[in-house]
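Order of the sequence lines sets the chain letters (A, B, ...), proteins ahead of strands, with each chain counted from 1. Computed from a predicted structure; not experimentally measured.
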Amino acid sequence: MKLTLKIWRQKNRNDKGAFVPYVMNDVDPEMSVLECLDVLNETLILRGEVPVAFEHDCREGICGSCGFVINGVAHGPERGTTACQLTMRHFKDGDELTLEPWRAKAFPLIKDLVVDRRALDHIIEAGGYISVSTGQAPDGNDILVGKEIADESMDAAACIGCGACVAACPNASAALFTGAKITHLGTLPQGEPERERRALSMVAQMNAEAFGNCTSIGECTAACPKEIPLEVIANMNRDYVCASFRRRDDLPTPVPPAVHRA
Amino acid sequence: MTLDAKIPSGPIQEAWAKACFDMKLVNPSNKRKHSLIVVGSGLAGASAAASLGELGYNVKCFCFQDSPRRAHSIAAQGGINAAKNYPNDGESVFRLFYDTVKGGDFRAREGNVYRLAQNSGKIIDQCVAQGVPFAREYGGSLTNRSFGGAQVSRTFYARGQTGQQLLLGAYQALERQVHAGSVTMIPRTEMQDLIVVDGQARGIVARNLLTGELTVHIADAVILATGGYGNVYYLSTNAKGSNATAIWRAYKRGALFANPCFTQIHPTCIPVSGDYQSKLTLMSESLRNDGRIWVPKKKGDSRPPNEIPEDERDYYLERRYPSFGNLVPRDVASRNAKALCDEGYGVGKSGLGVYLDFSESIARLGEKTIRERYGNLFDMYQRITDENPYKVPMRIYPAIHYTMGGLWVDYQLQSTIPGLFVLGEANFSDHGANRLGASALMQGLSDGYFIIPYTVGNYLATNKFPKVEDSNPAVQEAISSVRTKLDKLLSIKGNRTVDSFHRELGKIVWDYCGMARTADGLTSAIGKIRALREEYWKNVNVPGSGDDLNASLEKAGRVADFFELAELMCIDALDRNESCGGHFREEYQTADGEAQRDDEHYSYVAAWGYAGADAAPVLNKEPLEFHYVHPSQRSYK
C-alpha cells in the first residue's frame with residue numbers, strides 16, 4: 001500500500017525542526033512502523049540524504065527504547081502496543097502518518113525522533129529500589145507473598161520506562177511512571193520498611209526534574225503500552241502524603257535535574 | 001599456549017568454597033582506591049557493577065543504550081532455573097549440574113557448571129529480597145514450572161517477563177549504587193577497543209554516541225558483560241543493537257575466543273514473513289509445556305489446520321521421543337522442525353513453519369488457565385501475525401537465539417589477558433554445545449552477583465597497578481586505531497548500505513553455519529564471507545559524519561566485526577569434525593539422525609587466538625575431563 005510519512009526532522013537541540021513528508025509506495029501490511037522507517041532510511045541513504053534517527057532495540061515491546069507520537073497518539077492507535085509492535089495493517093492505503101518525538105520539557109530533544117529520558121533514571125536512582133546488598137537475602141520462601149499481592153505488584157512492575165505516559169500527558173507529568181515503581185515495591189512485604197522514604201525521595205526527584213504535575217486526566221494510562229493502571233498514582237499520593245506527615249524532619253534532597261546537567 | 005582453567009583440586013562439591021578461601025582479599029579501606037570498568041548493563045553487567053559498588057570499589061559502568069534498563073536480558077521470557085527443590089520432585093544441586101552438563105552435550109567444564117548449580121538458589125533469594133515479583137502460590141510460596149528439557153520443576157518465573165523483572169532488580173540495585181556514588185553510569189557510550197598495558201587489561205577506548213567523542217577510561221581491571229553474537233546472522237531474536245564489538249576487539253588484543261561455532265537455534269519463534277523483516281520474535285519455550293507440535297502427515301497439505309483431522313497429523317516429537325515428547329532440548333526440537341520442513345511438510349505461506357497447538361490443553365484446563373499462564377505471549381503472537389492462537393494453532397520456526405561460544409575464561413572468569421574478566425553470554429564457560437532453557441539468566445546473575453565480586457578482588461590483591469597516563473603509547477595506539485577505522489568507514493561512500501551487507505552476511509552464515517553444517521558448505525561459506533567483506537570495505541555507504549548521533553556508523557563498526565567473527569565461526573565449525581549440541585555436522589550423525597559426538601578426538605574447548613589480519617587464527621585446546629557425569633550418547637527417547 002501507499003502511505004505518506006510526515007516526520008519531524010531536527011538536526012539537534014539548537015536547530016529549528018520541521019515536518020518533512022516522505023511518500024512510501026510499497027508498504028507491506030505485515031511490517032512494523034519501525035521496519036517502515038528502516039525501509040525509508042535505506043532509500044534515504046542511497047539518495048545521499050541523512051536517515052531518520054529513531055530509538056529502538058529489542059523490537060518486541062519490552063526494552064522501552066522505542067516510541068514516538070503517531071498521529072497525535074504516543075506509540076500510535078493500537079492499545080497496549082509499542083511502536084515496534086505496531087504493524088502497518090492498522091492503516092489504510094493512502095493514509096498520512098505524522099511521526100513526532102515525545103514532547104516534554106523534561107525530555108530534551110537529541111535528534112529527529114530521539115529524546116533524552118535520563119530524568120526517568122534519576123527518579124529510580126532517588127529511591128526506586130529495595131536496599132538489600134548482594135548476599136544479605138534470606139531464603140526465598142521465608143518471605144511469603146500472597147498471590148493477589150504478587151499479581152498487583154507485577155501489574156505495576158510491567159512498566160518498561162518508555163516515557164509514553166509523559167508524552168501523552170498534557171502536563172508532561174511522570175506520575176504514572178513514578179507511581180508504578182512505588183506500587184511495585186510498596187505493595188510487597190520486602191518493600192515495606194522503606195515505603196515512606198521511597199515515596200518521599202522519588203516524588204522529590206520527580207518534582208525536581210522538569211515534569212509537570214498530575215491533574216488526574218488519565219491520558220497516561222490510555223497511552224501506556226503496558227496498560228499500567230491509574231491506581232498506581234493514587235498509591236503514590238497516599239504513600240507520599242502519609243510519609244510527608246510522619247517524616248517532616250527527614251525530607252530528601254534531590255539531585256540536579258537532567259535538563260540542567262551537561 | 002597451555003590453557004589452565006585453574007579449577008581447584010579435590011571434590012567438586014568443595015571446589016568453589018576452597019577457591020574462595022584461597023583468594024586474597026582487598027582490605028575494605030583500600031577498595032575505594034581500586035577502579036573497575038564494567039562494559040554492559042544486562043543481567044551480568046548490572047549485577048556485577050551493583051555488587052562491586054556495594055563492596056566499595058570505584059566502578060564505571062558503560063552501556064550503548066540510553067539507559068542501563070534497556071539491555072537485552074530484559075527480553076528473556078520463560079524463567080530462571082534454581083536447585084531449590086521446593087516442589088519436592090527430586091531436584092538437587094547435583095541434578096541441575098548433571099542436566100546442564102548432559103544438555104550441553106559434554107562440551108562444558110564440569111567445575112564451572114557445578115558452581116553455577118550451587119549458586120542458583122542464592123540467586124532466587126537475592127532477587128526475591130530485591131522485590132522481583134515472582135509467581136506465587138495462593139499460600140504465598142514461590143511457584144515453579146518445568147521448562148524445556150527438564151523433568152523436574154525448577155524454573156522460577158514472573159509471568160512471561162522473567163528477564164525484565166530480574167533485570168529491573170539488578171538495574172535498581174545498580175541505580176542504588178549510582179545514588180551512593182560508588183558507580184558512575186555512562187550510557188550512550190560504546191566500547192571501541194581494549195587498552196592493554198604491559199600485558200594487563202587497563203582500560204578501554206569508548207565512543208560517545210551523541211557527540212562521536214572518543215574517550216579513554218583507565219582502571220585496574222576491565223569486566224566485559226556485553227552479551228552474545230547472535231546478530232552475526234542478521235535475523236535473530238537478539239535486540240537490534242546487540243553486538244560482538246567489545247569481545248571481538250578484546251580477541252584482537254589477545255584474548256582467546258572459545259567455541260565460536262556453538263550457537264543455539266531456538267525452536268519456538270514466529271516464522272519470517274517478508275524481506276523487510278528486521279528481527280525475529282521468540283515465543284517462550286514454556287509454551288511447549290502445554291502446546292503440542294505437529295505437521296500434516298501429507299506433504300504440502302494446504303488445508304487450514306483446524307480442518308486436518310487428528311489421524312492426519314504427525315505429532316513428530318511425541319512419536320520420536322516418547323519419554324520427553326514436546327519437551328526435548330532446544331537443539332533436538334529445532335533440528336526436527338527443520339528436517340520436516342526441508343522434506344516438504346512445513347506449514348504457512350513459506351513452508352517454513354510447524355504448528356504449536358493448544359487446543360487440547362484449552363479443552364483440558366480451560367481457556368482461563370491458559371490465558372493466565374501465557375496470556376501476554378498469546379497477545380504478542382496475535383499482534384504480530386493477526387491470528388488468534390486460542391482458536392488456531394501457532395506457527396513456529398527455529399531462529400538463532402543464543403551463543404554458547406565466547407571469550408575463553410578460567411574458573412575465575414578471567415580471560416587470557418590478565419585483568420580482563422568476561423561474564424554472562426559473552427564468555428563461553430557453562431553451557432557447552434547447547435544451553436538448557438532458563439539457564440542464561442541463572443548464569444548471568446551467578447557471574448555478576450556471586451563470582452566476580454570474589455575473583456576480581458583476588459586479582460586486585462595480588463597485582464600491582466602502575467599509573468597509566470593518556471600519553472602511554474598503548475593508549476595512543478588504541479585511540480588512533482579506532483579513529484582510523486571510523487574514518488575509513490565514513491570515507492568509502494559506496495553504493496550499498498550497511499544493512500544490505502549485514503543481511504547478505506547473515507544469510508551466508510545461516511545457510512552454512514546454522515542448524516546443519518557440512519565441510520563443503522563451510523569451506524564455500526568462508527570464501528563467500530571473505531569476498532563480501534572485501535566488497536564491504538570498498539562499497540559500503542555510511543552517510544553523515546562522526547560527530548553526532550549516527551546509527552549507520554554505529555552499525556558499520558559492528559558489522560565490520562561480524563564479518564571477521566563469522567569467518568572464525570566457520571573455521572571452528574569446519575575444524576570440529578563431530579556433531580555435538582547445536583553444532584550439527586551432517587557428516588556425523590547416528591543412524592536415526594541424532595548428533596554423533598567424537599569424544600576421543602574432540603572432547604576439548606577450542607580456544608582460538610588472533611594471529612594478525614591476514615594470518616590464520618591459532619587453535620589452542622583445553623581438554624575436558626569428566627569425573628562426575630560420564631559422557632554418553634544423549635537420548636531423549
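- Between A:I70 and A:H75 there is no side-chain heavy-atom pair separated by less than 4.5 Å.
- A:I143 touches chain B through backbone and side chain together, each having a heavy atom under 4.5 Å away.
- A:S65 and B:Q65 share no donor-acceptor pair across their side chains, judged by distance under 3.5 Å alone.
- Both the backbone and the side chain of B:I384 come within contact range of chain A, judged by heavy atoms closer than 4.5 Å.
- Contact of A:I160 with chain B is made through backbone and side chain together, with heavy-atom distances under 4.5 Å.
- The contact between B:R159 and chain A is made entirely by side chain atoms (from C-beta outward), counting heavy-atom distances below 4.5 Å.
- Heavy-atom pairs under 4.5 Å with chain A were tallied for B:V178, B:V542, B:L55; the largest tally goes to B:V178.
- Between A:V33 and A:M88 there is a side-chain heavy-atom pair separated by less than 4.5 Å.
- Contacts of A:H90 with chain B are absent, with no heavy-atom separation under 4.5 Å from either backbone or side chain.
- Heavy-atom distances place both the backbone and the side chain of B:S51 under 4.5 Å from chain A.
- Salt bridge annotation for B:E175-B:R69: absent, with no cationic side-chain nitrogen under 4.0 angstrom from a carboxylate oxygen.
- Under a 3.5 Å cut-off, the side chain of A:T178 and the backbone N or O of A:A174 do form a donor-acceptor pair.
- For chain B, the option among A:A158, A:A126, A:P51, A:G80 with the highest count of heavy-atom pairs below 4.5 Å is A:A158.
- Comparing A:D142, A:L144, A:N141, A:L185 by heavy-atom pairs within less than 4.5 Å of chain B, the highest count is held by A:N141.
- Ranked by heavy-atom pairs shorter than 4.5 Å toward chain A, the options B:A75, B:G53, B:A158 are led by B:A75.
- Contacts of B:Q130 with chain A are made by both backbone and side-chain atoms, with heavy-atom separations under 4.5 Å.
- Taking the charged nitrogens against the carboxylate oxygens, B:K240 and A:D38 have no contact shorter than 4.0 Å, which rules out a salt bridge.
- Of all the listed residues (A:G146, A:G61, A:A150, A:G64), the one sharing the greatest number of non-hydrogen pairs under 4.5 Å with chain B is A:G64.
- Taking chain B as the reference chain and counting heavy-atom pairs below 4.5 Å, the highest number among A:Q190, A:E35, A:Q136, A:K111 is found for A:E35.
- Options A:A53, A:G135, A:G127, A:G161 differ in how many heavy-atom pairs under 4.5 Å they form with chain B, and the most are formed by A:G161.
- Interface remark: A:V39 contributes side-chain atoms only to the contact with chain B (heavy atom separation under 4.5 Å).
- Proximity to chain B involves both the backbone and the side chain of A:D151, based on heavy atoms less than 4.5 angstrom apart.
- Contact tally against chain A (heavy-atom pairs below 4.5 Å) for B:D386, B:L168, B:N550, B:D379: the top residue is B:D386.
- Interface summary for chain A: among B:A50, B:A173, B:G544, B:S67, the most heavy-atom pairs under 4.5 angstrom belong to B:S67.
- There is no contact between A:D26 and chain B, counting heavy-atom distances below 4.5 Å.
- Of the atoms belonging to B:Q165, it is side-chain heavy atoms, and not backbone ones, that fall under 4.5 Å from chain A.
- Using a cut-off of 4.0 Å between Lys/Arg side-chain N and Asp/Glu carboxylate O, A:D139 and B:K84 are scored as salt-bridged.
- Only the backbone of A:V115 comes within contact range of chain B, with at least one heavy atom under 4.5 Å from a heavy atom of that chain.
- The residues A:D15 and A:R9 are annotated as not salt-bridged, no charged nitrogen and carboxylate oxygen being separated by less than 4.0 angstrom.
- By the side-chain hydrogen bond (donor to acceptor under 3.5 Å, both in side chains) test, A:E209 pairs with A:H122, A:Q205, sequence neighbours left out.
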Self-check item: Verdict with reasoning, B:R558 to B:E190, per salt bridge (charged side-chain N to carboxylate O under 4.0 Å, His left out)
Solution: CA-CA 11 Å; B:R558 295 167 190 166; B:E190 185 164 7; 2.9 Å; yes
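- Neither the backbone nor the side chain of B:S73 comes within less than 4.5 Å of any heavy atom of chain A.
- Annotation: maximal heavy-atom pairing with chain A below 4.5 Å, among B:T497, B:D499, B:L174, occurs at B:T497.
- Side-chain polar atoms of B:D547 and B:S545 form a donor-acceptor pair below 3.5 angstrom.
- Around NZ of B:K493, the count of heavy atoms belonging to other residues, nucleotides or ligands within 6.0 Å exceeds 12.
- The parts of A:I45 that come within reach of chain B are both its backbone and its side chain, each placing non-hydrogen atoms under 4.5 angstrom from that chain.
- Proximity to chain B (any heavy atom under 4.5 Å) is shown, for A:S131, by both the backbone and the side chain.
- Contact annotation for B:K122: neither backbone nor side-chain heavy atoms come within less than 4.5 Å of a heavy atom of chain A.
- Of the N and O atoms on the side chains of A:R59 and A:S32, not one donor lies less than 3.5 Å from an acceptor on the other residue.
- Heavy-atom distances place both the backbone and the side chain of B:Q277 under 4.5 Å from chain A.
- Looking only at heavy-atom pairs under 4.5 Å with chain A, the residue among B:I124, B:T281, B:L167, B:N541 that has the most is B:N541.
- Looking only at atom types and distance, the side chain of B:S236 has a donor-acceptor partner in the side chain of B:N231 under 3.5 Å away.
- Only the backbone of B:F134 comes within contact range of chain A, judged by heavy atoms closer than 4.5 Å.
- Taking a cutoff of 4.0 Å between a charged side-chain nitrogen and a carboxylate oxygen, A:R117 and A:E55 qualify as a salt bridge.
- Residue with the most contacts toward chain B among A:V50, A:V114, A:N12: A:V114 (heavy-atom pairs, distance under 4.5 Å).
- The contact between B:L210 and chain A is made entirely by side chain atoms (from C-beta outward), counting heavy-atom distances below 4.5 Å.
- With a threshold of 4.5 angstrom between heavy atoms, A:D28 approaches chain B through side-chain atoms but not through N, CA, C or O.
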